[in-house]
There are 2 protein chains.
Amino acid sequence: MTKNGDPLLDENFQILHQFLVNHYSFPDRDSRHVFNKFQFVDVKKNTTLHQQNQICEYAYFICQGCVRTFFTNRKGEENTRYIAFENNFVSAFSSFITQTPSLENVQTLENSKLLKIKQSDFFSLVNHHATFSKLYLHSLEQAQVISTWRLETMLSMTAKERYRDLLERMPQIVLRLSNKQVASFLGITQESLSRLKARK
Amino acid sequence: MTKNGDPLLDENFQILHQFLVNHYSFPDRDSRHVFNKFQFVDVKKNTTLHQQNQICEYAYFICQGCVRTFFTNRKGEENTRYIAFENNFVSAFSSFITQTPSLENVQTLENSKLLKIKQSDFFSLVNHHATFSKLYLHSLEQAQVISTWRLETMLSMTAKERYRDLLERMPQIVLRLSNKQVASFLGITQESLSRLKARK
DNA sequence: CCATAGTTTTGACGCAAATCAAAAAAAAGA
DNA sequence: TCTTTTTTTTGATTTGCGTCAAAACTATGG
C-alpha cells in the first residue's frame, strides 16, 4: 500500500501529518499509532467511493485530487452537494456519523490519492485525541458554514450571481472542473451555464 | 424572573429539565447548578433576539412559541434559514460558536417563553457535562441534516414540490405560521405560494 | 362598532432558466 | 493519423416564478 510499509516515510502520510500539525497542533509522538489507522488508496477519476442507500464506513483525507458528494433525485438528475480538494476530509457525513443509510454518493472527479479511515477508528481517534476531536468539531462547524452559504445563494441569487460568487469563493471548482460539474454544483443545466458565461 | 426565585420549581425550567432527561439522560443531581445558568425571558411576537453583524452572545431554549433565523440579502429581502418550535435550542449558531459577527438575525414569530444562556456558560456546560456535550454534538449534526435537506430541495424541486415536502416533513411551519413566513422559508414570494396552494 | 392596518388572493405581463434538438469543438482511443 | 466519444455552444420554444397592481379578506385597537 505505502511505498515501503512504513506510513511515516510515505509522502502521502506526510501530507496528512503536515495538515494535522498546521491546523490542529498535532503532537509528533502520536504519529505511528494514528497513521496505522489510515490506508492509502490511489483511485481513478469518476470512481464511486460510496453509494447512496448504503451505510458509509469510511472517511477520506484527500492528498491529491478532487472528490464530490451528490444525490440523484427522483428525476434521475445528479445534484452535487459538496466538492472537496486537497487537504480536506470528505465522506457522506450524515451517514458516516449516524451509521444509517446515506442519501448521497461520494465520487472522485479527478484521479486521486486518498487516505481512508474506518468509521470506528475515526471516532476512536475523535474520542481519545485532542487533535481529532478538534478536527471533528471544526469539520462539523465548517460544514454548517458552507451549507448555510449555499442555501443563502440558492434562496437569494440568480444563476449568474451564484456563478460569480462561486468564482470568488471557490475558484478551484470553476477552474479545475468541467462545466457539467460546475453546473451541477450551481443547481442549473450545462446549457444555462454555457450561456451565462457567454454573456459575461 | 422565575415565579418564586427557584428555577427548579418553575414550569418553564421543568420543560427544559424534561427535555434534557428525555433526550440526553440528564442526571437529576446536577439540576440547580445547571439551571442557574439559564434565564427566563417572555417575549412578544416579532421580537428581534439577535441582529445580524453582531456577535451572538446567547442561545435560547424554546419552552413555548416559535423562533426563526433569517438574513436580509442585498436586495433587502428576508430569507429564512431556520424555524424552530418548542423543545429546541436556537441561535445564530455560526456566530455563537465562533464569536464572530453573524450574517443572520434571530426573531420570534409568536409570543414566546424562552430560556436563554450565555455563550461562555453554554460552552462551559458543553465541556464539563456529558449531557450538554451530547446535546451540542447532536445539534450540530441535526443542523447538518436539515441544511442538507433544504439544499437538496432547493437544488432539485419546484416550488410546489418543496411546499408538499415541507407540509410532510415540518407541518407545523405550514399550519402555525403566516403565508409570508412559509414563503420566505420556501424561497418564493407570497403571491407564488398563494397560487401554488390554489391549484392544489 | 367602525377604522385602519396587515394578509391573502387574483390578474396581466416579463424574464430567467429549463427543455429539446442539433451543431461545433475538444478529448480520448485505436 | 483518423475515428469515436464526450463536452460545449447555439437555437427555438416553453414554463415556472417574479413583479407590480389592485381587490378581497382578516385582524386589531380605539
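All chains are named by letter (A, B, ...) in the order of the sequence lines, taking the proteins before the strands, and each is independently numbered beginning at 1.
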To the nearest Å, how far apart are Lys197(A) NZ and dA17(C) P?
-> 15 Å
Counting only pairs under 3.5 Å, give me each side-chain donor-acceptor contact of residues 49-57 of chain A, with atom names and distances, residues two or more places apart or in other chains.
| unit_1 | atom_1 | unit_2 | atom_2 | d |
| --- | --- | --- | --- | --- |
| His50(A) | NE2 | Ser102(A) | OG | 2.8 |
| Gln52(A) | OE1 | Thr72(A) | OG1 | 2.9 |
| Gln52(A) | OE1 | Asn105(A) | ND2 | 2.7 |

Assert yes or no for the condition that the ring centre distance of Phe61(B) to Phe38(B) is strictly below 6.0 Å.
-> no
Backbone N or O of Phe19(B) within a donor-acceptor pair of the His23(B) side chain at under 3.5 Å?
-> yes
Using five base pairs at each end, measure the axis-to-axis angle across the helix from dC1(C)-dG30(D) to dA30(C)-dT1(D) and round it to 10 degrees.
-> 40°
Looking only at heavy atoms, what is the nearest atom pair of Thr100(A) and Ser95(A), with distance?
-> O-OG, 2.6 Å
Which heavy atom in Arg150(A) sits nearest to a heavy atom in Leu186(A), and how many Å separate them?
-> NH2-N, 4.4 Å
Assert yes or no for the condition that the ring centre distance of His33(B) to His128(B) is strictly below 6.0 Å.
-> no
Between dA16(C) atom P and Leu193(A) atom CG, what is the distance in whole Å?
-> 16 Å
Take atom CG of Asn79(B) and atom C1' of dG18(D), then tell me their distance rounded to the nearest Å.
-> 14 Å
Using a 4.0 Å heavy-atom cut-off across all strands, classify Ser194(B) as base, sugar-phosphate, or nothing.
-> base
With sequence neighbours excluded, residues passing ring-ring contact (aromatic ring centres under 6.0 Å, His included) with Phe96(A) | Phe122(A), Phe123(A)
Nearest-Å distance, CE (Met157(A)) to C1' (dA16(C))?
-> 16 Å
Enumerate the residues from residues 171-188 of chain B whose closest heavy atom to DNA chain D is under 4.0 Å, giving them by residue number; use none for an empty result.
-> Gly187(B), Ile188(B)
Name of the residue among Lys44(B), Arg176(B), Lys45(B), Arg68(B) meeting salt bridge (Lys or Arg N to Asp or Glu O under 4.0 Å) with Glu110(B) = Arg176(B)
dT8(C) C1' sits how many Å from Leu196(B) CG, rounded?
-> 14 Å
Ignoring hydrogens and angles, tell me if any N or O in the side chain of Arg81(B) forms a donor-acceptor pair with the backbone of Leu151(A) under 3.5 Å.
-> no
What is the per-nucleotide protein-contact pattern of nucleotides 19-28 of chain C, from the 5' end, where B denotes a base atom under 4.0 Å from a protein heavy atom, S denotes such proximity for sugar-phosphate atoms only, and - denotes neither?
-> BBB-------
Pairs touching residues 139-198 of chain A that satisfy ring pair (Phe, Tyr, Trp, His ring centres under 6.0 Å), sequence neighbours left out = none
In whole angstroms, the gap separating P of dT6(D) from CG of Leu109(A) amounts to 17 Å
Starting at atom CZ of Arg199(B), determine the distance to atom P of dT9(C), rounded to an integer number of angstrom.
-> 13 Å
Nearest heavy-atom pair of Ser147(A) and Ser147(B): which atoms, and what distance?
-> CB-CB, 3.5 Å
Between atom CD in Gln190(B) and atom C1' in dC20(D), what is the gap in whole Å?
-> 14 Å
